[in-house]
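Note that this is a predicted model, so its numbers are computed, not measured.
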Amino acid sequence: MELELALKNIKNTDENAKSASEKRWLSVVKPLFSLGRLENAVSQIAAIKGKPFFSLDKKTLILMCADNGVVAEGISQCGQEVTAIVAKSFMEMTSAACVMAKRAGVEVLPIDCGMATDIDGLRRIKTAYGTANIAKGPAMMREDCVTIIEKSIDIVGGLKNSGSEIILTGEMGIGNTTTSAAVTAVLLNQKAENITGRGAGLDSESLKNKIRVVEQAININSPNPNDPIDVISKVGGFDIAAMTGLFIGGAVHKVPVVIDGIISSVSALAAVRLNEKVSQYILPSHLSNEPAGKLLLESLGLEPFITCGMFLGEGSGAVALMPLLDMALDVYTKVGTFDNWEHEAYKVLR
């Protein structure tokens, strides 16, 4: 779907369905509000889907795989070849996130949205073989960024048509904590040193270099903070563009989309900056251990459900949320109500 048209087609979620869901929670036999924000999450999903009762039986984790030319600046412990290695493990369902997904009943869909190499059997939507080095110039052409976003919007629509009921976001791409730091710094008007982390385990000297590279990329490219497409095109990555499209696609096709860590968080922020209504279709998962994690969630007005210092990426935090949502939804749909229980209902006293 054309991006401009997609953004125009986004509507507010259904307040009547949300109110009906909240009313249902008040009737469930348990202390009022005792599942906390999990109750709010169920009601938010009801609003997204436009009905107070729904299922989340078919969950899909989309793993956007892309390479980043900024790796040439020595900002990572390993080279681009690792992106392809891990992408293959996604296809074989042997990565850490995939093992977690199996346990949580989540289907996994890896996609090549900008890898430096091709892998047989891996779905491709890429327009280029990796980005350019953002420390030297723009990451990609603006047209390529828009095309990837549009293709990702369509992916959500296709998955909904095939029965997917909730979308989880994940990524793989060596160097993407550097690109996400650069995009975060611009969109949140933050200094690079405040939001740049160690990624997959940099030492202190390497971290200083990474911060320098983020600053250099911003200074050289001068991205417009009021234009998320410009920011992603100049200092971002294809995975960020693709996940931005997934969040927009969720809003267009009325499918809840779950954030993982900082890379999907900054993608969500870019999507919301393009149309603030997108925020109604987004669920958080965990608080990334990366410095930008808290800032990004706060900027989106979201609180994490899980806080255990994770920074694996690959959708692992989003997957970890699913058992909690499943349990909350079971309570919501399967526990009896005060109408058929010989006890007076609790009253709202606050």
Side-chain angles (χ1 to χ4, degrees), residues 1-18 20-21 41-65 90 97-98 101 104-113 122-125 146-171 239-260 264 267-268 270-272 274-285 315 318-319 321-322 325-326 328-329 332-333:
M1 178 182 289
E2 182 184 345
L3 178 57
E4 185 176 350
L5 178 61
L7 293 171
K8 287 182 179 178
N9 281 345
I10 296 172
K11 309 297 182 185
N12 290 318
T13 54
D14 189 332
E15 283 299 314
N16 290 331
K18 183 178 180 181
S21 174
V42 169
S43 296
Q44 180 187 350
I45 297 172
I48 292 170
K49 293 181 176 292
K51 52 188 179 183
F53 291 95
F54 55 88
S55 70
L56 294 176
D57 293 337
K58 188 170 183 180
K59 311 169 183 70
T60 305
L61 168 62
I62 304 177
L63 292 163
M64 292 297 187
C65 306
F90 293 158
C98 288
V106 176
E107 297 180 359
V108 177
L109 175 61
I111 295 176
D112 177 357
C113 64
L122 180 61
R123 181 172 177 177
R124 295 175 201 153
I125 63 169
V146 171
T147 297
I148 293 296
I149 291 174
E150 291 173 343
K151 288 183 177 183
S152 298
I153 293 170
D154 291 339
I155 286 170
V156 176
L159 286 172
K160 180 181 180 180
N161 289 339
S162 66
S164 289
E165 295 164 307
I166 187 167
I167 302 295
L168 288 63
T169 56
E171 39 60 43
D239 49 359
I240 295 174
M243 286 189 290
T244 298
L246 295 180
F247 289 111
I248 294 171
V252 170
H253 298 290
K254 300 186 182 303
V255 179
V257 183
V258 182
I259 296 175
D260 181 39
S264 61
S267 304
V272 171
L274 287 166
N275 187 322
E276 62 181 12
K277 292 178 184 176
V278 172
S279 64
Q280 300 173 36
Y281 296 83
I282 295 173
L283 291 166
S285 60
V319 168
L321 174 64
M322 291 304 101
L325 280 183
D326 282 338
L329 188 57
Y332 176 78
T333 57

side-chain contact (heavy atoms from CB on, under 4.5 Å) filter on K160, not counting sequence neighbours, yields H253, K254, V255
**Between Y332 and S21, a side-chain donor and acceptor under 3.5 Å** = yes
Output for pair (S164 OG, I155 CD1), nearest 0.5 Å, gives 11.5 Å
Would you check if the side chain of E165 reaches a backbone N or O of K58 as a donor-acceptor pair within less than 3.5 Å? yes
Minimal heavy-atom distance between L283 and A41, with the atoms involved, is CD2-CB, 4.3 Å
Here the pair of heavy atoms bringing S264 nearest to M243 is CB-SD, 3.6 Å
Between I45 and P256 the two heavy atoms that sit nearest each other are CG2-CG, 4.1 Å
Exercise for the section: Please lay out, stage by stage, how M64 and L246 fare under the test side chain to side chain contact (heavy atoms under 4.5 Å, CB included). Expected result: CA-CA 10 Å; M64 292 297 187; L246 295 180; 4.0 Å; yes
Backbone N/O of C65 and side chain of D239: donor-acceptor pair under 3.5 Å: no
Practice item. Could you tell me whether the side chain of V278 reaches within less than 4.5 Å of the side chain of I10, counting heavy atoms only? Key: yes
**Message:** Side chains of L109 and R123, heavy atoms from C-beta outward: is any pair under 4.5 Å?
**Reply:** yes
I would like to know whether F54 and L329 meet side chain to side chain contact (heavy atoms under 4.5 Å, CB included); could you show each step before the answer?
CA-CA 9 Å; F54 55 88; L329 188 57; 3.8 Å; yes
TODO: Side-chain contact test, heavy atoms from C-beta onward, threshold under 4.5 Å: evaluate it for I111 versus L63 and give yes or no.
DONE: no
How about T60 and I166: do any of their side-chain heavy atoms sit closer than 4.5 Å? no
*Crowded around K277 NZ? As in, over 12 foreign heavy atoms under 6.0 Å?*
yes
CG of L321 to CD1 of I259, rounded to nearest 0.5 Å, is 11.0 Å
Paired with I248, the side chain to side chain contact (heavy atoms under 4.5 Å, CB included) test is passed by just one of V156, V257, N9, L274, namely L274
*Step by step, work out the side chain to side chain contact (heavy atoms under 4.5 Å, CB included) result for F247 and V272.*
CA-CA 8 Å; F247 289 111; V272 171; over 6 Å; no
Determine whether more than 12 heavy atoms belonging to other residues, nucleotides or ligands lie under 6.0 Å from atom NZ of K18.
-> no
Rounded to the nearest 0.5 angstrom, the SG-CD1 distance for C113 and I149 is 11.0 Å
Distance col, row N16:CG vs K51:NZ, nearest 0.5 angstrom, shows 15.5 Å
Practice prompt. Look only at the side chain of D14 and the backbone of A47, and say whether a donor-acceptor pair between them is shorter than 3.5 Å.
Written response: no
Could you tell me if the side chain of K49 sits less than 4.5 Å from the side chain of L56, heavy atoms only? yes
Notebook entry, point to check: Do any N or O atoms from the side chain of D154 and from the backbone of M1 form a donor-acceptor pair under 3.5 angstrom?
Noted result: yes
Looking only at heavy atoms, the pair that brings Q44 and I282 closest together is NE2-O, 3.0 Å
Heavy atoms of P110 and L122 approach each other most closely as O-CD1, 3.4 Å
Note: A20 and P52 closest approach over all heavy atoms is CB-CB, 3.9 Å
Original post:
Taking T13 for the side chain and I48 for the main chain, is one N or O donor matched with an acceptor at less than 3.5 Å?
Top reply: no
Answer whether the closest heavy-atom distance between the side chains of V258 and T169 falls below 4.5 Å. no
Can you tell if the side chain of S162 reaches within under 4.5 Å of the side chain of L159, non-hydrogen atoms only? yes
In this structure, CD1 of I125 is separated from OG of S152 (nearest 0.5 Å) by 4.0 Å
Checking V319 against L168 for the side chain to side chain contact (heavy atoms under 4.5 Å, CB included) test, could you report, in this order, the C-alpha distance in whole Å, the side-chain angles of both residues, the deciding distance, and whether it holds? CA-CA 7 Å; V319 168; L168 288 63; 3.9 Å; yes
Would you confirm whether Q280, through its side chain, and N12, through its main-chain N or O, come within 3.5 Å as a donor-acceptor pair?
no
